[in-house]
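Because the structure is predicted, anything quoted here is derived from the model rather than measured.
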Amino acid sequence: MSPSLCTRISSLRYAVSAFTLLLAGCVSGPDHVPPEMPLPAKFKEGGAKSNGDAVAAHWWTAYRDKQLDGLVAHGLSENLDVLQAIERINSASANVTVAGAGGLPSLDVGASHTVSGEKGSERTTIGTTNTTGGEASLSWLLDIFGQYRRSKESAIASLEAAYATADDAKLSFLKDLVSSYVDARYYQQRIALSRANLKSRQQTYELTQLQLKAGAASRLDVVQAEGLVQSTKSDIPGLEQSFTESAHHIATLLGMPAASLMGELQKSAGQPVFRGDIRAGIPADLIRNRPDIREAERELAAAVADIGAAEAQLYPSISLSGSISPSWVKSSGASGGTLTNWSFGPTLNLPIFDGGKLRANVDIEKSDARTQYLAWKAAVLNGVEEVENALSAVRRDTQTLEPLRRQVQTAQQALALSTTSYKDGASSLLDVLDAQRSVSDAQESLAATVQQVAKDYVDLYVAIGAGYLGRENAASKQTAKAG
């Protein structure tokens with residue numbers, strides 16, 4: 001090989017390398033930088049210790065309710081909202097392929113075979129011709145300014161946002177399911193209390209009737225006692241309906257017909273009581289753990305990439321295209337022959353005047369990116385607010401439990417004393433009825449507060465973004481990040 005030929009080959013190699021670097025390095029638009037905002041070192045009523053990655057914390061197990069644990073495990077794989085969100089991941093994944101396909105060469109191949117002939121006046125065939133041909137067309141739009149690379153970058157960010165949306169759906173499911181379960185058990189407790197109170201009031205009513213026959217009570221006393229019995233009876237159907245609706249909603253959340261779990265849930269298990277620690281972490285944990293914040297950040301990344309895709313359309317584009325069409329023709333009585341047509345060449349497109357459309361598209365994408373940044377910022381602040389409110393609710397509502405338990409005890413003691421006094425003729429029936437109302441009110445307040453405290457913990461752990469991933473999924477997620 002001559003030195004001059006070696007020099008030309010070497011020069012060609014360097015030219016190809018330089019062209020490849022040009023294609024790889026010339027990308028329009030800004031690169032996405034993860035957003036930041038100042039946050040306090042701790043929540044007002046929280047500690048200064050980070051929770052780390054809380055996404056796999058199965059906080060609902062702190063209620064120590066096996067039935068609840070089973071419902072959660074079943075629902076995470078069967079809830080229809082979660083399944084819809086997961087299906088949207090498949091769509092977003094396919095869109096990544098679509099977005100990147102425009103920057104790759106495309107090749108179309110076709111083939112054909114025809115037979116033609118002529119007929120004489122006596123309908124005799126004069127001759128036939130067989131033509132077999134093929135065609136291959138190649139086109140490639142050179143992504144010099146990164147339009148398709150930015151589009152694929154945007155699609156990948158949207159795919160990651162779809163994963164975060166699915167995680168958010170799981171978190172919403174957890175909140176809805178556990179809260180509905182707490183409500184169902186609360187209504188069961190209220191029904192049990194109402195039936196116990198009904199029994200007590202029925203006994204008082206019967207005692208008053210005996211007192212009336214003995215001349216120790218008035219007709220007014222009997223009517224008042226009966227009125228309290230009927231009032232208690234009227235409360236029970238409404239509570240039963242509320243329990244039924246909660247049970248139906250739980251079944252729907254699990255992707256089952258409404259009445260499927262009624263028999264199972266009618267087995268009373270008592271009101272759930274959270275027996276775990278308050279672990280709120282610090283505000284910075286929310287950016288990592290809350291899926292709605294991660295979704296907003298990925299949507300921002302997609303919007304920033306869209307700016308580059310729009311800016312790339314302002315610049316010239318070059319496409320390479322070519323085709324080759326070989327054919328083989330054979331006529332009757334003659335030997336066959338081949339014919340090949342081919343073409344190849346570049347095409348340059350210069351966007352000179354478009355009425356400002358392309359520049360306006362860039363402005364639209366920039367505005368969308370600013371909007372997404374504000375949405376991310378709002379998601380962070382909303383998350384901080386939810387945790388602060390949940391922490392405050394847990395601490396305040398928990399403080400009322402012990403006084404309410406004590407109030408129930410004193411009301412029951414007062415009822416016992418007033419009943420004994422009434423039997424001895426030392427007090428009126430009105431004292432007994434008032435004492436019964438006090439017991440009922442105190443029991444209802446205690447049950448409602450137990451319900452609220454249980455739901456406060458739900459709000460807290462959902463607010464910090466805990467529990468929507470299984471431990472094995474969380475481990476694979478960390479491995480993916482490290483990779």
Side-chain angles (χ1 to χ4, degrees), residues 1-2 4-28 91 93-155 308-310 312-354 357-358 361:
M1 185 179 295
S2 65
S4 60
L5 181 58
C6 290
T7 302
R8 287 195 295 270
I9 292 176
S10 178
S11 300
L12 179 60
R13 183 184 300 117
Y14 286 125
V16 171
S17 300
F19 183 67
T20 303
L21 289 174
L22 174 65
L23 291 178
C26 189
V27 180
S28 301
S91 176
S93 179
N95 195 48
V96 173
T97 302
V98 173
L104 299 175
S106 64
L107 176 64
D108 296 320
V109 178
S112 63
H113 178 78
T114 59
V115 179
S116 59
E118 299 179 6
K119 286 193 177 289
S121 58
E122 300 298 330
R123 297 187 178 180
T124 58
T125 301
I126 298 176
T128 60
T129 302
N130 288 270
T131 304
T132 302
E135 182 176 3
S137 300
L138 174 69
S139 63
W140 183 17
L141 178 61
L142 302 181
D143 196 18
I144 298 177
F145 297 100
Q147 176 183 348
Y148 292 105
R149 276 168 287 171
R150 287 301 194 193
S151 295
K152 185 174 182 179
E153 182 181 324
S154 174
Q313 297 182 42
L314 298 173
Y315 306 116
S317 62
I318 299 175
S319 60
L320 302 177
S321 60
S323 64
I324 183 170
S325 304
S327 60
W328 182 79
V329 181
K330 184 180 185 304
S331 300
S332 59
S335 59
T338 60
L339 177 66
T340 301
N341 296 322
W342 64 273
S343 64
F344 178 80
T347 301
L348 176 64
N349 180 45
L350 298 174
I352 296 177
F353 180 73
D354 61 357
K357 174 184 175 181
L358 297 179
N361 286 338

Give, for atom [atom1] of [X] and atom [atom2] of [Y], the distance between the pair rounded to the nearest 0.5 Å.
X    : Y    : atom1 : atom2 : value
Y148 : L104 : OH    : CG    : 10.5 Å
L314 : N361 : CG    : CG    : 8.5 Å
L141 : S106 : CG    : OG    : 9.5 Å
T131 : H113 : OG1   : NE2   : 8.0 Å

Could you report the tightest heavy-atom contact between [X] and [Y], atom names first, then the distance?
X    : Y    : result
A312 : G146 : CB-C, 4.4 Å
I144 : R149 : O-NH2, 3.6 Å
R150 : S28  : NE-O, 2.8 Å

Can you tell me if S151 uses its side chain to pair, donor with acceptor, with the backbone of Q147 under 3.5 Å?
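Side chain of S151 to backbone of Q147, a donor-acceptor pair under 3.5 Å: yes, one is there.
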
Is it true that a side-chain atom of D143 and a backbone atom of G103 form a donor plus acceptor pair closer than 3.5 Å?
no

Would you give me the side-chain donor-acceptor pairs under 3.5 Å for residues 315-323, sequence neighbours excluded?
residue, atom, partner, partner atom, Å
S323, OG, S343, OG, 3.1

